[in-house]
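Right, one structure below, let's go through it.
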Amino acid sequence: MSVLNPSIPKGTRDFTPVEAIRRKYIFSVIENVFTRYGYLPIETPAMENLTTLLGKYGDEGDRLIFKILDSGNFLTGVTEEERLSLTPSKLAGRICEKGLRYDLTVPFARFVVRHRNKLSFPFKRYQIQPVWRADRPQKGRYREFYQCDVDVIGSRSLLNEAELLMIMEEVFRLLGIKVVIKLNHRKILAGIAEYMGVPDKLTGLTQALDKRNKIGDEKVLAELRERGFDEPAVRKMESFLSFSGSNNEKISFLSEKLGNTGQEQTGLDEMAKILTYAAETGVDKSCEFDFTLARGLDYYTGTIFEVVAAGWDGGSICGGGRYDDLTGIFGLPDVSGVGVSFGADRIYDVLAQTGKFPPLQDSSTQVLFLNFGEKELSYILPLVRKLRDHNVAAEVYPDQAKIKKQMQYANQKNIPFVILTGEEEMSQGVVSLKNMETGRQIRVTFEEVADSLIKK
RNA sequence: GUGGAUGUAGCUCAGUUGGUUAGAGCACUGGAUUGUGGUUCCAGGGGUCGUGGGUUCAAGUCCCAUCUUCCACCCCA
């Protein structure tokens with residue numbers, strides 16, 4: 001029999017105990033914050049019907065959805081000719097009806113519509129689950145990764161946006177990550193496009209603006225020209241880019257430039273309101289209104305958020321926004337929602353790079369009972385049970401191996417105490433308790449062991 | 001989907017202008033120490049050199065293809 005390669009699919013990862021413990025730490029910080037704001041957990045399946053997924057994330061997004069081959073004879077109903085002539089994506093549509101979820105927001109919208117009669121609105125939920133994208137892996141980019149979503153749906157109040165800012169500020173403060181929370185508004189972007197005389201080129205405009213931090217103002221303008229923006233439009237953008245000031249100054253600057261009539265004024269008013277809330281809750285220092293911020297996901301209609309960590313170039317670690325009609329496609333119109341998603345895997349990478357993980361107790365076990373044989377086992381097992389009942393993590397070495405080997409095991413697992421029990425101890429009605437750090441060893445009764453270990 | 005790197009022991013890596021039997025550290029196993037770990041010393045096991053072709057008297061080394069992983073673009077958490 002040939003030996004199998006113990007490899008895993010591209011872009012997926014195993015996690016060792018140390019890594020898994022650290023990931024749990026991240027999840028627990030995030031979950032703890034979410035629950036303190038009144039959000040409730042839900043879960044949805046790893047796979048969704050492709051009809052649910054397709055067309056929500058743009059063309060690029062559709063390409064990145066993992067599709068699941070139908071069970072059974074998936075080629076039923078596909079002619080030989082079609083098999084050869086159809087494009088791969090068209091063929092996939094014929095032989096796949098399911099796909100792995102691409103994010104948590106769209107499944108959430110589907111969930112809300114399906115369970116609307118059981119939910120009370122506004123509905124605040126959080127969801128911490130993996131998502132999959134058929135992307136090429138690279139720094140900060142995985143094919144399987146966890147998102148930690150918080151959304152509130154069924155309320156247009158800007159207090160929701162403000163609460164999300166507070167949640168983001170708090171999570172990253174607790175994790176010890178220095179961040180800038182950038183925010184913008186789709187209606188402001190649309191207003192800018194209108195002002196530039198290119199309302200139909202909003203997508204191209206946002207795609208170019210989005211690169212500002214990476215390539216600089218000059219290249220953004222060059223890209224606009226390449227994309228067919230005329231010179232007056234480019235010059236107008238240039239005047240925007242050259243402006244610098246505080247959040248409020250930016251808002252009044254744009255207000256003046258754009259005029260106060262259309263949707264841009266709604267956007268600017270909302271932005272001002274959100275920033276006022278932010279100031280009142282003391283999180284405004286982490287927030288930056290940035291009218292060049294754009295987000296690719298098609299469904300955002302209002303505020304958009306993105307969080308970048310200082311000194312980290314592996315992409316944003318949190319992002320989201322308001323979507324006015326995601327539930328409409330599932331038959332429940334006019335339900336606005338807003339939410340953000342924390343990228344747990346990127347947060348992990350940032351913490352690893354900055355060394356900000358708390359020192360973890362890498363030993364969960366407090367005491368190891370060495371195994372001297374059957375008689376000795378019967379003697380100590382009641383004590384093991386007693387310690388465990390009192391919340392002391394205790395384990396018994398399962399094999400009657402050499403003492404040296406058992407000691408090594410305790411050492412490598414960083415177990416602070418070892419109990420040795422041989423014939424001598426049994427005859428005296430005691431055990432030997434060894435402190436692995438000091439090396440000191442004393443003979444004590446069961447009661448004394450319990451006393452010294454349970455207290456801790 | 002496009003471009004650039006990479007691959008030698010479980011891990012991190014040496015390996016000369018092609019030249020005999022491919023090395024080190026860590027890890028692992030055994031011993032010094034048959035009831036005592038973390039330090040030390042001694043010994044040992046473990047590699048079809050990513051895979052498949054080609055050039056050559058001779059390939060880990062040169063050529064081609066393919067796969068893997070990583071990095072960048074695109075897009076995103």
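Look at A:Lys402 and you'll find a side-chain N or O under 4.0 angstrom from OP1 or OP2 of B:G31. Within the structure, a side-chain polar atom (N or O) of A:Lys214 is placed less than 4.0 Å from OP1 or OP2 of B:C73. Between A:Gln127 and B:A77, a side-chain N or O to OP1/OP2 separation shorter than 4.0 Å is absent. For the OP1/OP2 pair of B:C71 and a distance below 4.0 Å, the side-chain nitrogens and oxygens of A:Gln138 include no atom meeting the criterion. The side chain of A:Lys10 places an N or O atom within less than 4.0 Å of a non-bridging phosphate oxygen (OP1 or OP2) of B:U69.
Using a 4.0 Å heavy-atom criterion, one finds that A:Gln406 contacts no nucleic acid atom at all. Among the heavy atoms of the strands, none lies under 4.0 Å from A:Gly61. Using a 4.0 Å heavy-atom criterion, one finds that A:Gly314 contacts no nucleic acid atom at all. Residue-level contact check: A:Tyr142 touches the bases, meaning some heavy atom is under 4.0 Å from a base atom.
Scanning for side chain to side chain contact (heavy atoms under 4.5 Å, CB included) contacts around A:Glu306 gives A:Leu293, A:Arg295, A:Ser316, with sequence neighbours left out. Partners of A:Asp62 according to the salt bridge (charged side-chain N to carboxylate O under 4.0 Å, His left out) rule, which considers only residues two or more places apart in sequence or in another chain, do not exist here. Remark: A:Thr51 engages A:Asn49 in a side chain to side chain contact (heavy atoms under 4.5 Å, CB included) (not counting sequence neighbours). Applying the salt bridge (charged side-chain N to carboxylate O under 4.0 Å, His left out) test to A:Asp313 and every residue at least two apart in sequence or in another chain returns A:Lys139. With sequence neighbours left out, the salt bridge (charged side-chain N to carboxylate O under 4.0 Å, His left out) criterion links A:Asp284 to no other residue. In this view, A:Glu223 and A:Lys211, A:Arg227 satisfy the salt bridge (charged side-chain N to carboxylate O under 4.0 Å, His left out) rule, not counting sequence neighbours.
Comparing B:G47 with B:G10, their P atoms are spaced 8 Å from each other, to the whole Å. Between B:C11 and B:C28, the distance separating the two C1' atoms is 12 Å to the nearest Å. Here, B:A9 and B:G45 have their C1' atoms 11 Å apart, quoted to the whole Å. Nucleotides B:G19 and B:A59 have their P atoms positioned 11 Å apart, rounded to a whole Å. Look at the P atom in both B:C73 and B:A65: the space between them is 26 Å, to the nearest Å. Comparing the P positions of B:U69 and B:U8 gives an interatomic distance of 14 Å, to the nearest angstrom. Comparing the same atom, C1', in B:U68 and in B:C74 gives a spacing of 22 Å after rounding to whole Å. One C1' atom belongs to B:G7, the other to B:U20, and the distance between them is 26 Å to the nearest Å.
Atoms CD1 (A:Ile215) and C1' (B:C73) sit 12 Å apart, rounded to a whole Å. Following rounding to the nearest Å, A:Arg133 (CZ) and B:A77 (C1') show an atom-to-atom distance of 6 Å. Distance CG (A:Asn411) to C1' (B:A27): 15 Å, rounded to an integer number of Å. A straight line from CZ of A:Arg143 to C1' of B:G1 spans 12 Å, rounded to a whole angstrom. For A:Leu433 and B:U36, the CG to C1' distance is 14 Å, given to the nearest whole Å. Separating the CG atom of A:Leu100 from the P atom of B:A77 is a distance of 17 Å, rounded to the nearest angstrom.
For residues 16-37 of chain A, the ring pair (Phe, Tyr, Trp, His ring centres under 6.0 Å) pairs, not counting sequence neighbours, are A:Phe27-A:Tyr146, A:Phe34-A:Tyr126, A:Phe34-A:Phe342. Here salt bridge (charged side-chain N to carboxylate O under 4.0 Å, His left out) pairs that include residues 156-170 of chain A, with residues two or more places apart or in two chains, are A:Arg36-A:Glu170, A:Lys124-A:Glu163, A:Arg156-A:Asp324, A:Glu161-A:Arg322, A:Glu169-A:Arg173.
With hydrogens and angles ignored, no donor-acceptor pair under 3.5 angstrom links the side chain of A:Arg63 to the base of B:C74. Side chain A:Arg136 to base B:U69: no donor-acceptor pair is found below 3.5 Å. Interface remark: the A:Arg141 side chain does not form any donor-acceptor pair with the B:A77 base, using a distance-only criterion of under 3.5 Å.
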Under 3.5 Å, which protein N or O atoms sit close to an N or O of nucleotides 33-35 of chain B? Give each pair with its distance.
residue : atom : partner  : partner atom : Å
B:G35   : O6   : A:Glu423 : N            : 3.4
B:G35   : O6   : A:Glu425 : OE1          : 3.2
B:G35   : N1   : A:Glu425 : OE1          : 2.9
B:G35   : N1   : A:Glu425 : OE2          : 3.1
B:G35   : N2   : A:Glu425 : OE2          : 2.7

With the criterion being N/O to N/O and under 3.5 Å, what pairs connect the protein with nucleotides 10-13 of chain B, and how long is each?
none

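A 4.5 Å side-chain heavy-atom check between A:Thr206 and A:Asp210 finds every atom pair outside the cut-off.
In terms of position on RNA chain B, the residue among A:Gln147 and A:Gly11 whose nearest nucleotide sits closer to the 5' end is A:Gly11. When the nearest nucleotides of RNA chain B are assigned to A:Lys405 and A:Ile8 by heavy-atom distance, the more 5′-ward of the two goes with A:Lys405.
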_Reading 5' to 3' and counting Watson-Crick or G-U wobble pairs with both distances under 3.5 Å, write the dot-bracket notation for RNA chain B, | for bases paired outside the strand._
(((((.(..((((.....[...)))).(((((.......))))).....(((((..]....)))))).)))))....
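With respect to the salt-bridge test (charged N to carboxylate O, under 4.0 angstrom), the residues A:Asp399 and A:Lys405 do not qualify. In summary, A:Arg22 and A:Glu19 do not engage in a salt bridge, as defined by a charged side-chain N under 4.0 Å from a carboxylate O. Using a 4.0 Å cut-off between charged nitrogen and carboxylate oxygen, A:Asp151 and A:Arg125 count as a salt-bridge pair.
Residue A:Tyr146 and nucleotide B:A77 are not classified as a stacked aromatic pair, given the requirement of ring centres less than 5.5 Å apart at an interplanar angle below 30°.
Of the candidates B:C71, B:C75, B:C76, B:C75 carries the atom nearest the A:Lys211 side chain, counting heavy atoms from C-beta on.
Defined by atom type and a distance below 3.5 Å, a donor-acceptor pair is present between the side-chain atoms of A:Glu425 and A:Ser432.
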Side-chain donor-acceptor contacts of residues 434-441 of chain A below 3.5 Å, not counting sequence neighbours, with atom names and distances?
residue  : atom : partner  : partner atom : Å
A:Asn435 : OD1  : A:Glu437 : N            : 2.8
A:Asn435 : OD1  : A:Thr438 : N            : 3.1
A:Thr438 : OG1  : A:Arg440 : N            : 3.2

